[in-house]
Amino acid sequence: MDAMEKQIASLVADADSVQLAPSPLILWLKWMAIAVVYIVISLLVLGVRSDVWVRLHSAMFLAEMGVLVAIVATTALSASLLAYPDMYQRSRWTLIPIFMFVIFVGVIALAWQADNPSSPPPVHSYQCSLTIAVLALLPAAWMFYSMRQLASTHRRFAGGVVMLSAFSIGAVTLRLSEQTNSIIHVIEWHYLPMIGVALLGVWLGKRLLKW
Amino acid sequence: MVKTSVSLEMQMQQALTGDKRAYADLLRDTALFLRPYLSKRLSAANDVDDLLQEILVSIHKARHTYDGQRPYKPWVFAIAHFRLQDYLRTYYADQLRSATELGELENTLPADVTNSDFSYESISGEVNQLPEKQAVILAMMHEEGYTAKEVAAKIGMKESAVKVAAFRAYKILREKLSK
């Protein structure tokens, strides 16, 4: 017990008053506000597609964008909870993105069916994935930096969710910028890469969220 | 006497404002209720102490993530479980690294590995204290007179695995008997 008492004494000696971490709600609101500003600035740089108002009157496009924005929101919420050792004792809420992804797959499947005859795909391909990845860099870096100030006990899951959130921000931006109606192109080069991004996030989370 | 959860939360709230006495009491109480939790999951008392100290350090590092507005114990157990998993991962990785490959061991075994240099009857008490598989193998080989090949066929193991198990059993018995 002597070693334990020494350890306790050393920790107590180091213990001054502490600035509490923000609640997950505050953290989430901050991230959402920054995401909105970031998307606006990115669209000012990249330009908004000229047919955006026409597309926003299309039910399928609106549904797709709505669910994509919901993915940004729910993954960010999940990440904000996962930043706490006990997930702020709201562990079930961290699984909400799974439901959003199921809905997203359903919406994309309906959009694919509705795209008949298929719209011609653009000339470029992987450039879209690269653009989204570049757009996602800053949001991902910011979220990882915020989470490192806390203490996640589910680093891999948290990392995966952070990368999905950041990539979704990039996907929303590009979808409002790139003038393509080809849902096949969008599925192949905008959304399927999310799988690889999530796996990358799992790897990054294990390394970047150590404490 | 371990305090109730409500007291622990108040102690933590006081500790977060810089009350060192409350913090010391809280850490002692936390160690008190974590020790049985770790003892059930780790065999060596030294390991329990080491891990408990590591958990207290983690609690210290992460205390800014607890605001006293929710139950204290789930927060602590989340950290304890996290560090326990890390510890066990490292422990089993070390075990795997030092474990001898079956094939490598087979190559270094002498041909007469299944012959022992003591009589089975004299050490049957110690044999019964061996792990079950090793005890069964030695009993079949020395009481019932089966060869390693026959034992392997009967209990569904490879012959080399039977020889390795017998070799390890003799090693344990020699160490016990030499004490």
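Every chain is numbered from 1, with letters handed out A, B, ... down the list of sequences.
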Contact part of [X] toward chain A, heavy-atom cut-off under 4.5 Å: side chain, backbone, both or neither?
X	value
B:T17	backbone
B:F77	neither
B:V57	both

Roughly how far apart are [X] [atom1] and [Y] [atom2], rounded to 0.5 Å?
X	Y	atom1	atom2	answer
B:Q53	A:S10	CD	OG	9.5 Å
B:D50	A:Q7	CG	CD	10.5 Å
A:S17	B:H64	OG	NE2	14.0 Å

Self-check item: B:R28/A:E5 under side chain to side chain contact (heavy atoms under 4.5 Å, CB included): CA gap, chis, key distance, verdict
Solution: CA-CA 8 Å; B:R28 278 189 207 101; A:E5 276 302 319; 3.0 Å; yes
For [X], does the [atom1] atom sit with more than 12 other heavy atoms under 6.0 Å from it, leaving out its own atoms?
X	atom1	result
A:R92	CZ	no
A:W211	CH2	yes
B:R70	CZ	yes

Self-check item: A:Q19 portion near chain B, given a 4.5 angstrom heavy-atom threshold
Solution: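 Backbone only.
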To check you understand the geometry: which heavy-atom pair defines the closest contact between [X] and [Y], and what is its length?
X	Y	value
B:K20	A:A15	NZ-O, 3.1 Å
B:D67	A:Y88	OD2-OH, 2.8 Å
B:D86	A:R155	OD1-NH2, 4.1 Å

Exercise. Please test A:M4 against B:L27 for side chain to side chain contact (heavy atoms under 4.5 Å, CB included), starting from the C-alpha separation and ending with a verdict.
Key: CA-CA 10 Å; A:M4 191 62 65; B:L27 289 178; over 6 Å; no
Quiz item: Looking only at atom types and distance, does a side-chain atom of A:Q89 sit under 3.5 Å from a main-chain N or O of B:P74, one as donor and one as acceptor?
Solution: no
Quiz item: Has the side chain of B:H81 got a donor or acceptor atom that lies under 3.5 Å from a matching backbone atom of A:T153?
Solution: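 It does not hold such a pair.
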Exercise. Go through the side-chain N and O atoms of B:Y72 and A:D86 and say whether any donor and acceptor fall under 3.5 Å apart.
Key: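 Per modelled atom types, B:Y72 and A:D86 side chains form no pair under 3.5 Å.
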Quiz prompt | Max heavy-atom pair count under 4.5 Å with chain B, selected residue of A:V18, A:I8, A:L11, A:D16 | solution =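 Option with the top pair count is A:L11.
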Practice problem: Between chain B and each of A:A13, A:A151, A:P85, count heavy-atom pairs under 4.5 Å; write down the option with the most. | Solution: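 Top count of heavy-atom pairs under 4.5 Å with chain B: A:P85.
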Self-check item: Side-chain heavy-atom pair A:S152, B:F82 within 4.5 angstrom cut-off
Solution: no
